[in-house]
Amino acid sequence: MNDEITREKEEAKAPISFIEQFIADDLKDGKNKGRIMTRFPPEPNGYLHIGHAKAICLDFGMAKKYGGKCNLRFDDTNPVKEDVEYIDSIKEDIHWLGFDWENREYYASDYFGRLYDFAVDLIKRGLAYVDDQSAELISSQKGSPSQAGTESPFRKRAIEENLDLFERMNKGEFEEGDHVLRAKIDMTSPNMHMRDPIIYRIIKTAHHRTGNQWNVYPMYDFAHGQSDYFEEITHSLCTLEFEVHRPLYDWFIDQLKSDEYRPRQIEFNRLNLTYTIMSKRKLLELVQEGKVSGWDDPRMPTLCGLRRRGYTPESIRRFVELIGYTKVEAINDVSLLEHAVREDLNARAYRVFGVLNPLKVIITNYPENQVEDVEVVNNPEDESAGKRFVPFSREIFIEQDDFMENPPNKFFRLAPGMEVRLKGAYIIKCESFKKDTSTGEITEVNCSYDPATRSGSEGSGRKVKGTLHWVSAAQAVDAEVRLYDRLFDHEDPAGQKDDDYRKFLNPDSLKVLTGCKIEPSLANAKPLEKFQFQRIGYFCVDPDSTPSKPVFNRTVPLKDPWSKVNK
RNA sequence: UGUCCUGUAGUGUAAUUGGCAACACGUCUGACUCUGGAUCAGAAGAGUUCAGGUUCGAGCCCUGACAGGACAACCA
């Protein structure tokens, strides 16, 4: 309850973006009859990544906040690049993120008929014409950003002829590239997109939804704004690179003679993350070249990858809220994302015992065959998470790093003669240890315990400097732990425009640790369940995990202050 | 040499023109703790790209530079 109040206060305090200001103003001005409608328009040509999350949160978020609705619309105007495979994953990921389009699942291909009719209408009004020239020729006539274009010789083609040709284009009488339909606007416009843009081209590849019904397909610019119009979208939110398309967007809307309402395109900055490749093409290359195990490899910035890594939808939404929406091309720091994950997981993940690099400890004065269950809390910050019992016995494992033969000054863990508390159990004292003389590796530590110091008992008040996590050797379960790190590191490849990004691949981005020891209760943990291995980091049960072979993915490590002291 | 967009601590974002620019992350200090490397307390760090102008007063308005980005796919 208190949390809710705090949260509401925070939200009220949160600054609103310029986009939200536009929307609020439009509403206040009574535009579109006080209605608000948005849409999330992915092209089904790849998996959604965290960059899309930013758009999804805005599209659905603004609609919800202002009492409107948000449609899901697949922008499927290019059958060559699109596939049904992607549609299902996109829908799954949006739902996972926590948003719902209800029954409003639309496709640009639903509007092919209306768009075709609109194109015919433009031809009849002398605002569109069929061009027979090659792509190269059309391109060269477009001029350059600093130089006006020249008009096509087909620009003055008779309306009847245009009508006839366009119809025959769609009937399949011509091959791809033979003709295109162009809007007749202005070849001398300073805006390249207004220089008679191509609005229809011949494509003979079957479409994933309409099959071979069409031989001509609308271009993005001819489909998007009109689709917005058909769906009565009021605010069409997109990324900055479409800024220069806006005059064309408006031009088409003008031709639709809209008095009732008019959709409005507003652009915001796309998400860039440090050390993170976001380009669909490059991600696809990583998958195809086998650099990662697939689109859902936990190192991928895809939503399914992040999910498998153990990121929660809440943490991603929180991150998006933190970075905001502006018109500045920003590069956001991944550490902010990781902060959001820690913040969320810290509140919900059970603290459990797991030892990644086991070192055997024998408690010499503890009875040989005795096993006792010690009680530990599941989450110190959430009483409702309850407690559980963990078996304790004479032989246990602790982390290799938690013992040092010659400890430096501020080392508060186990060392010869030193005392530490075993979390939830007893205080132990290191009496001796065994060392492999050839490798210098510590192989075993012998300790004594103080029976009066069991946690929760009367004698437990005694203080020692350090506390270690541990697992009982006999009851511990062998697990595999996958330590994922940033796929790119050392230098930030985020700004790389060429294909050099491969040279930033981090060879240590995946370390598989076998022989890790976990407490027995974890053997039956469910896939995607999140835990915090005490003092190590946040982990998530991999979907491939089975009770006989538990597998954990590291979501994000806890920073080890000891490593800083060591420097 | 065109059009459009953008310039606020290391990073990302705030500041109805009117209190020596606020918040988050990150960094650094300390405290505490059966350990959550959480939590608590504190610190450093920008005078808002630059130059003019309007004004009693300017990140905020005007002008001009400078810098960065987008635009010349029959992609979206």
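In what follows, chains carry the letters A, B, and so on, assigned in the order in which the sequence lines appear, proteins first and then strands, with residues in each chain numbered from 1.
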Next on the checklist: In whole Å, measure the gap between the P atoms of B/A21 and B/C40 for me.
Outcome noted: 26 Å

Next on the checklist: Taking B/C28 as the reference, what is the distance to B/C66 when you measure between their P atoms (whole Å, please)?
Outcome noted: 40 Å

Next on the checklist: Counting the atoms with a prime plus P, OP1 and OP2 as sugar-phosphate, which does A/Glu419 contact under 4.0 Å by heavy atoms, base, sugar-phosphate, or nothing?
Outcome noted: nothing

Item to check | ring pair (Phe, Tyr, Trp, His ring centres under 6.0 Å) against A/Tyr47, all qualifying residues, sequence neighbours excluded | outcome: A/Tyr86, A/Trp295

Checklist outcome for this item: Ranking B/U13, B/A38, B/G2 by distance to the side chain of A/Glu381, first place goes to B/A38

Checklist entry - Rounding to the closest angstrom, what is the interatomic distance between B/G12 and B/U27 at atom C1'? => result 15 Å

Checklist entry - Does any nucleotide pair with B/G64 by Watson-Crick or G-U wobble geometry, both distances under 3.5 Å, and what is it? => result B/C50

Next on the checklist: Under 3.5 Å, is there any donor-acceptor pair linking the side chain of A/His245 to the base of B/A76?
Outcome noted: yes

Checklist entry - Out of B/G12, B/U35, B/C74, which has the shortest distance to the side chain of A/Ile323? => result B/G12

Next on the checklist: Filter on salt bridge (Lys or Arg N to Asp or Glu O under 4.0 Å), then keep only pairs touching residues 329-341 of chain A, sequence neighbours left out; what's left?
Outcome noted: A/Glu338-A/Arg486

Next on the checklist: Going by salt bridge (charged side-chain N to carboxylate O under 4.0 Å, His left out), name the residues that satisfy it together with A/Glu43, two or more places apart in sequence or in a different chain.
Outcome noted: none

Checklist entry - Where the side chain of A/Asp75 is concerned, which of B/A76, B/C5, B/C74 is the nearest nucleotide? => result B/A76

Item to check | Nucleotide nearest A/Asn346 when distance is taken to its side chain, options B/A38, B/U6, B/C25 | outcome: B/A38

Item to check | Nucleotide of B/A72, B/U3, B/G26 approaching A/Pro190 most closely (side-chain heavy atoms) | outcome: B/U3

Item to check | Closest nucleotide among B/A72, B/C74, B/G26 to the A/Met192 side chain | outcome: B/A72

Next on the checklist: If the glycosidic angle sits within 90 degrees of zero it is syn, else anti. Tell me which applies to B/G45.
Outcome noted: anti

Checklist entry - Between B/C5, B/U13, B/A72, which nucleotide gets closest to the side-chain atoms of A/Glu243? => result B/C5

Next on the checklist: List the residues meeting salt bridge (charged side-chain N to carboxylate O under 4.0 Å, His left out) with A/Arg535, not counting sequence neighbours, and say none if there are none.
Outcome noted: A/Asp402

Checklist entry - When all nucleic acid strands are considered with a 4.0 Å heavy-atom cut-off, which category describes A/Gly324: base, sugar-phosphate, or nothing? => result nothing

Next on the checklist: Distance check, C1' atoms only: B/A24 and B/A9, in whole angstrom units.
Outcome noted: 13 Å

Checklist outcome for this item: Scoring nucleotides 42-47 of chain B by protein non-hydrogen atoms under 4.0 Å (B base, S sugar-phosphate only, - none) yields ------

Checklist entry - A/Asp110: what forms a side-chain contact (heavy atoms from CB on, under 4.5 Å) with it, not counting sequence neighbours? => result A/Tyr106, A/Tyr107, A/Arg209

Item to check | Qualifying residue for salt bridge (charged side-chain N to carboxylate O under 4.0 Å, His left out) with A/Asp131, from A/Lys142, A/Arg182, A/Arg201 | outcome: A/Arg182

Checklist entry - With side chains defined as the heavy atoms from C-beta onward, is the minimum distance between A/Thr326 and A/Phe268 less than 4.5 Å? => result no

Next on the checklist: Base of B/C25, side chain of A/Ser335 - is there a donor-acceptor contact under 3.5 Å?
Outcome noted: no

Checklist entry - Which nucleotide, B/C75, B/A72, B/A24, lies nearest any side-chain atom of A/Asn78? => result B/C75

